[in-house]
Enquirer: 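Dropping a structure here in structure tokens format, bear with me for questions.
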There are 2 protein chains.
Amino acid sequence: METGLGIQGAAARSGLSAHTLRYYERIGLIHEVHRDVTGHRVYSEADLGWLEFLTKLRQTGMPIADMCRYAELMREGPSTVRARRLMLEAHRERVLACISQLNDDLKTVEAKITMYLEME
Amino acid sequence: METGLGIQGAAARSGLSAHTLRYYERIGLIHEVHRDVTGHRVYSEADLGWLEFLTKLRQTGMPIADMCRYAELMREGPSTVRARRLMLEAHRERVLACISQLNDDLKTVEAKITMYLEME
DNA sequence: GCTTGACTTCGAGCGCGCTCTAACGGGGAG
DNA sequence: CTCCCCGTTAGAGCGCGCTCGAAGTCAAGC
């Protein structure tokens, strides 16, 4: 059984840089990564899964501050489940609005493309 | 016939701030806005339409630098129609990829929401 | 005539999310 | 033992897209 990855391995698997991984830990986005005997970070599968989820939140435009809040709720345990759900639901609505805006804007862009094709 | 809007009117109609309108002009995103006798900017309907389009490009994540390039092509006239179309087509692909990514990420978020609902 | 307020220009400053540098240390290869 | 690489920390710096501040001009209202 694989025990865990070093920071470079975690960077490779998560798509984040080692710098960013340390930064995320510093600001509390990822909690107290385990260290080996020499003080080097060792990322567990759970850490990697959490990073993957964080990445999805970032990609969908959640601000770092909100992600920190969410991470904090996670650490506070099961009593925060409802609060976490509410956060994610609010986020979902924002993302849906954003997607619908993108689709609208895209229509305008496509109309321009069509116009240009007719001009050529 | 309405001759045009002042900077505050243009700000209200475009959703951009007066500061941003001046900034856009400074960097060449919007070309030489007409001035009245006192030197104040007067935005034409054409300017406002252009601003509206710019806003859609921004909202879909086009970098300012690319928008400047596009604006420059506009100023160079009909010979750049093909180049403009290619830019917009490339942009469209990026936006489509982004939307599809958002939809994927959203699925994960929704799965979490469902999970939380089951936990409650 | 004086104040008020909207406009002008120029350039500095800010918030976000990283990204990088400096200075240091330990562990393995030759 | 020496070299080199990968890691560590604390803190500074950067790129983007605005956003704001200072200082000045002009027109209208009292």
Side-chain angles (χ1 to χ4, degrees), chain A residues 3-44 47 50-71 91 94 98 101 105, chain B residues 3-44 47 50-71 91 94 98 101 105:
Chain A
T3 333
L5 280 72
I7 197 162
Q8 295 305 335
R13 274 249 327 238
S14 67
L16 301 165
S17 72
H19 282 306
T20 301
L21 289 175
R22 287 189 207 101
Y23 164 68
Y24 277 9
E25 191 173 339
R26 210 157 65 205
I27 64 177
L29 257 187
I30 174 164
H31 187 55
E32 297 282 294
V33 176
H34 177 248
R35 306 304 180 100
D36 69 13
V37 70
T38 67
H40 293 190
R41 287 169 180 82
V42 179
Y43 290 83
S44 67
D47 292 330
W50 173 239
L51 281 172
E52 199 176 323
F53 183 60
L54 286 181
T55 298
K56 288 178 198 300
L57 292 182
R58 273 300 300 135
Q59 253 161 197
T60 49
M62 183 181 284
I64 293 276
D66 291 10
M67 290 167 55
C68 287
R69 173 76 188 128
Y70 184 83
H91 183 57
R94 282 189 299 267
C98 168
Q101 179 72 69
D105 293 345
Chain B
T3 333
L5 280 70
I7 198 162
Q8 296 305 335
R13 273 244 332 234
S14 67
L16 301 165
S17 71
H19 281 308
T20 301
L21 288 175
R22 287 188 209 102
Y23 165 68
Y24 276 10
E25 190 173 341
R26 210 157 67 205
I27 64 176
L29 257 187
I30 174 162
H31 188 52
E32 296 282 295
V33 175
H34 176 248
R35 306 305 180 99
D36 67 14
V37 70
T38 68
H40 294 189
R41 287 169 180 82
V42 179
Y43 291 82
S44 67
D47 291 332
W50 174 239
L51 281 172
E52 198 177 324
F53 183 61
L54 285 182
T55 298
K56 289 176 197 300
L57 292 182
R58 272 301 298 134
Q59 252 162 196
T60 49
M62 183 181 283
I64 292 276
D66 290 10
M67 289 167 55
C68 287
R69 174 74 188 129
Y70 185 84
H91 184 57
R94 282 188 300 268
C98 169
Q101 179 72 68
D105 293 345

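Bear in mind the structure is a predicted one, so any value in this text is a computation, not a measurement. Lettering follows sequence order; numbering is per chain, from 1.
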Enquirer: Which pair of heavy atoms, one from C68(B) and one from L29(B), lies closest together, and at what distance?
Expert: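 In terms of heavy atoms, the two residues are closest at N-CD2, 3.7 Å.
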Enquirer: Can you tell me if the side-chain N/O atoms of R41(A) get under 4.0 Å from OP1 or OP2 in dG7(D)?
Expert: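 For dG7(D), OP1/OP2 do not have a side-chain N/O of R41(A) under 4.0 Å.
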Enquirer: For the residue pair Y24(A) and L54(A), what are the closest heavy atoms and their distance?
Expert: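 What the structure gives for the nearest pair is CD2-CD1, 4.4 Å.
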Enquirer: Parallel, tilted or perpendicular: which describes the rings of W50(B) and Y70(B), with under 30° parallel and over 60° perpendicular?
Expert: parallel
Enquirer: Would one find a side-chain N or O of Q8(B) under 4.0 angstrom from OP1 or OP2 of dA6(C)?
Expert: no
Enquirer: Find the distance E25(A):CD to dG11(D):P and express it as a whole number of Å.
Expert: 17 Å
Enquirer: Rounding to an integer number of Å, can you tell me how far L21(B) CG sits from dT8(C) C1'?
Expert: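 Atom-to-atom, L21(B) to dT8(C), this comes out as 14 Å.
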Enquirer: Do nucleotides 15-30 of chain D as a string where each nucleotide becomes B, S or -: B if the base has a protein heavy atom under 4.0 Å, S if just the sugar-phosphate does, - if no protein is that close.
Expert: --SBBB------S---
Enquirer: Measure across A11(A) and A18(A) and return the closest heavy-atom pair with its distance rounded to 0.1 Å.
Expert: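 So the two residues come closest at CB-N, 3.8 Å.
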Enquirer: Given E25(B), which of T20(B), D47(B), V33(B) fulfils the side-chain contact (heavy atoms from CB on, under 4.5 Å) condition?
Expert: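 Answer after filtering T20(B), D47(B), V33(B): V33(B).
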Enquirer: Rounded to the nearest angstrom, tell me the gap between atom NE2 in H34(B) and atom P in dT8(C).
Expert: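 About 13 Å, once rounded to whole Å.
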Enquirer: How close do G6(A) and Y43(A) get, heavy atom to heavy atom, and via which atoms?
Expert: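 That would be O-CD1, 3.9 Å.
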